[in-house]
> 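Let me begin by handing over the structure; questions about it come next.
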Amino acid sequence: MQSVAKTHTSTRHHSSRRSSHVWPWHEWALEHMEPAKAASILDLGCGKGHMARSLITEMGPYGEIVAVDPSPELLHEAENRSLSDMERRIQWMMGTHHHVFYPDNSFDRILTEFILDAYYAADILQEVQRLICDRGRVVFLCYGTPTNHLARFAQHLWHWIVSYHRFVGLPSRAFLNNPIDIQQLAALLPSYNFQVISSQQWLGGFIYGLTVEYHEPNNAIKSDQDPTLIR
């Protein structure tokens with residue numbers, strides 16, 4: 001599926017979307033997804049749908065977004081928060097991250113939001129590889145393995161927030177028991193024909209992002225990854 005460049009994104013939509021985000025990793029992911037150039041986007045681990053709504057706002061009236069999450073409670077809240085006509089075009093789908101009921105090469109952009117567990121990483125990467133089109137772009141937002149005081153503090157705070165949400169009955173993401181660190185993920189990606197084009201870390205590495213491009217096996221890519229991209 002070919003990416004279709006859209007030129008209708010307005011300054012008003014752009015500034016509105018920017019002001020709605022608190023966390024820098026969301027801003028970074030939106031910049032690197034380049035939704036205005038996409039025809040179809042898959043949001044894996046969409047949660048309450050905050051990123052999916054922002055993405056479709058920048059895509060405009062012709063783009064398609066499919067948002068997948070295994071939690072019916074989170075999807076119900078995501079759909080209830082989608083108030084505009086444009087946001088109601090998002091296709092909310094309950095399902096696992098290991099198998100999405102779409103044909104091969106269905107999307108030219110894929111966002112994964114904090115779903116990569118070290119135990120299941122290979123299964124998820126294989127499914128992402130199946131779904132992305134040639135030269136499509138994938139943005140991974142992930143929890144890293146804490147290796148310093150700041151990262152450990154951020155992890156403890158996140159666990160406390162999730163535990164509190166569950167205690168009071170609010171829908172929340174499940175814990176990731178085996179997060180995969182940025183070096184491990186970067187080492188796996190060439191096996192699935194992904195080439196890293198940018199990376200970023202926050203909170204001492206507790207949260208990180210990788211932007212990659214997929215190349216079909218017959219379109220050779222460099223095997224020597226530039227180490228300066230993984231920092």
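Here the structure is a predicted model, which is why all the values come from computation and not from measurement.
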> If you look only at pairs with a residue in residues 65-81, which of them pass as a salt bridge (Lys or Arg N to Asp or Glu O under 4.0 Å), with sequence neighbours excluded?
K48-E77, E77-R81
> Taking R166 for its side chain and S172 for its backbone only, find out whether a donor-acceptor pair lies under 3.5 Å.
no
> If you take all heavy atoms of G49 and W92, which pair is closest and at what distance?
CA-CH2, 3.6 Å
> Filter on salt bridge (Lys or Arg N to Asp or Glu O under 4.0 Å), then keep only pairs touching residues 193-205, sequence neighbours left out; what's left?
none
> Could you give the distance from CG (D43) to CD (Q91), rounded to the nearest 0.5 Å?
13.0 Å
> If I take atom CE from residue M86 and atom CD from residue E58, how far apart are they, to the nearest 0.5 angstrom?
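Going from the CE atom of M86 to the CD atom of E58 covers 11.0 Å.
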> Any donor and acceptor pair, going by atom type alone, linking the side chain of N193 with main-chain N or O of Y214 inside 3.5 Å?
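Side chain of N193 to backbone of Y214, a donor-acceptor pair under 3.5 Å: no, none is there.
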> Could you tell me which residues satisfy ring-ring contact (aromatic ring centres under 6.0 Å, His included) with F101, sequence neighbours excluded, listed by chain and number?
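Checked F101 against ring-ring contact (aromatic ring centres under 6.0 Å, His included); matches are H99.
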> Would you check if S40 and D108 make a side-chain contact, meaning some heavy-atom pair closer than 4.5 Å?
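Sidechains of D108 and S40: in contact.
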> Under a single-linkage definition using a 4.5 Å side-chain heavy-atom cutoff for Ile, Leu, Val, Met, Phe, Trp and Tyr, are I115 and Y119 assigned to the same hydrophobic cluster?
yes
> Locate the shortest heavy-atom distance separating H97 from P70; write the atom from each residue and the value.
NE2-CD, 3.4 Å
> Within the 4.5 Å heavy-atom criterion, are L75 and C46 side-chain neighbours or not?
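Yes - at least one pair of side-chain heavy atoms lies under 4.5 Å apart.
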> Rounded to the nearest 0.5 Å, how far does OH of Y208 lie from SG of C142?
4.0 Å
> Can you check whether W23 and W202 have ring centres sitting under 6.0 Å from each other?
no
> So if you build clusters from Ile, Leu, Val, Met, Phe, Trp, Tyr with side-chain heavy-atom gaps below 4.5 Å, do F107 and L189 land together?
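Shared cluster, yes.
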> State whether the side chain of D117 and the backbone N or O of N178 hold a donor-acceptor pair below 3.5 Å, judged by distance alone.
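Present.
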> Looking at R89 and G63, would you say the former's side chain and the latter's main chain have a donor-acceptor pair under 3.5 Å?
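Side chain of R89 to backbone of G63, a donor-acceptor pair under 3.5 Å: yes, one is there.
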> Mind checking whether V66 and L74 sit in one hydrophobic cluster, side chains of I, L, V, M, F, W, Y counted as touching below 4.5 Å?
no
> Output a table of donor-acceptor pairs, distance under 3.5 Å, between side-chain atoms of residues 121-133 and any protein atom two or more places apart or on a different chain; print 'none' if there are none.
{"residue": "E127", "atom": "OE1", "partner": "R130", "partner atom": "NE", "Å": "3.0"}
{"residue": "E127", "atom": "OE2", "partner": "V100", "partner atom": "N", "Å": "2.7"}
{"residue": "E127", "atom": "OE2", "partner": "R130", "partner atom": "NH2", "Å": "2.7"}
{"residue": "Q129", "atom": "NE2", "partner": "Y192", "partner atom": "O", "Å": "3.1"}
{"residue": "R130", "atom": "NH1", "partner": "Y102", "partner atom": "O", "Å": "2.8"}
{"residue": "R130", "atom": "NH1", "partner": "D104", "partner atom": "OD1", "Å": "2.8"}
{"residue": "R130", "atom": "NH2", "partner": "V100", "partner atom": "O", "Å": "2.9"}
{"residue": "R130", "atom": "NH2", "partner": "Y102", "partner atom": "O", "Å": "3.1"}

> Could you list all the salt bridge (Lys or Arg N to Asp or Glu O under 4.0 Å) pairs where at least one residue sits in residues 172-193, not counting sequence neighbours?
E113-R173
> Under the 3.5 angstrom rule, does the side chain of R88 hit a backbone N or O of L83 as a donor-acceptor pair?
yes
> Do you know which two heavy atoms are closest between L176 and L116, and how far apart they sit?
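Shortest heavy-atom contact: CD1-O, 4.0 Å.
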> Of the non-hydrogen atoms in L141 and A29, which two are nearest, and what is the gap between them?
CD1-CB, 3.9 Å
> Taking all atoms of both residues into account, what is the closest heavy-atom pair of A67 and I90, and its distance?
CB-CG2, 4.0 Å
> Is there side-chain contact between P179 and F206, with heavy atoms separated by less than 4.5 Å?
no
> Could you give the distance from CG (L111) to CE (M51), rounded to the nearest 0.5 Å?
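Between atom CG of L111 and atom CE of M51 there are 5.0 Å.
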> Is a side-chain N or O of R109 found less than 3.5 angstrom from the main chain of M33, in a donor-acceptor match?
yes
> Rounded to the nearest 0.5 Å, what separates atom CG in L55 from atom NE2 in H50?
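These two atoms lie 10.0 Å from each other.
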> Nearest 0.5 angstrom please: T145 OG1 to I182 CD1, how far?
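If I round to the nearest 0.5 Å, the distance is 11.0 Å.
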> What pair of heavy atoms forms the shortest contact from P35 to M59, and how long is it?
O-CG, 3.3 Å
> Under 3.5 Å, which donor-acceptor pairs link side chains of residues 154-165 to any protein atom two or more places apart or in another chain?
{"residue": "W158", "atom": "NE1", "partner": "Y143", "partner atom": "OH", "Å": "2.9"}
{"residue": "S163", "atom": "OG", "partner": "H159", "partner atom": "O", "Å": "2.8"}

> Could you please spell out the steps behind the side-chain contact (heavy atoms from CB on, under 4.5 Å) verdict for F114 and I207?
CA-CA 9 Å; F114 304 106; I207 290 175; 3.9 Å; yes
> Are L150 and W25 in one and the same hydrophobic cluster, where Ile, Leu, Val, Met, Phe, Trp and Tyr link if side-chain heavy atoms are under 4.5 Å apart?
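Unlinked, L150 and W25 end up in two clusters.
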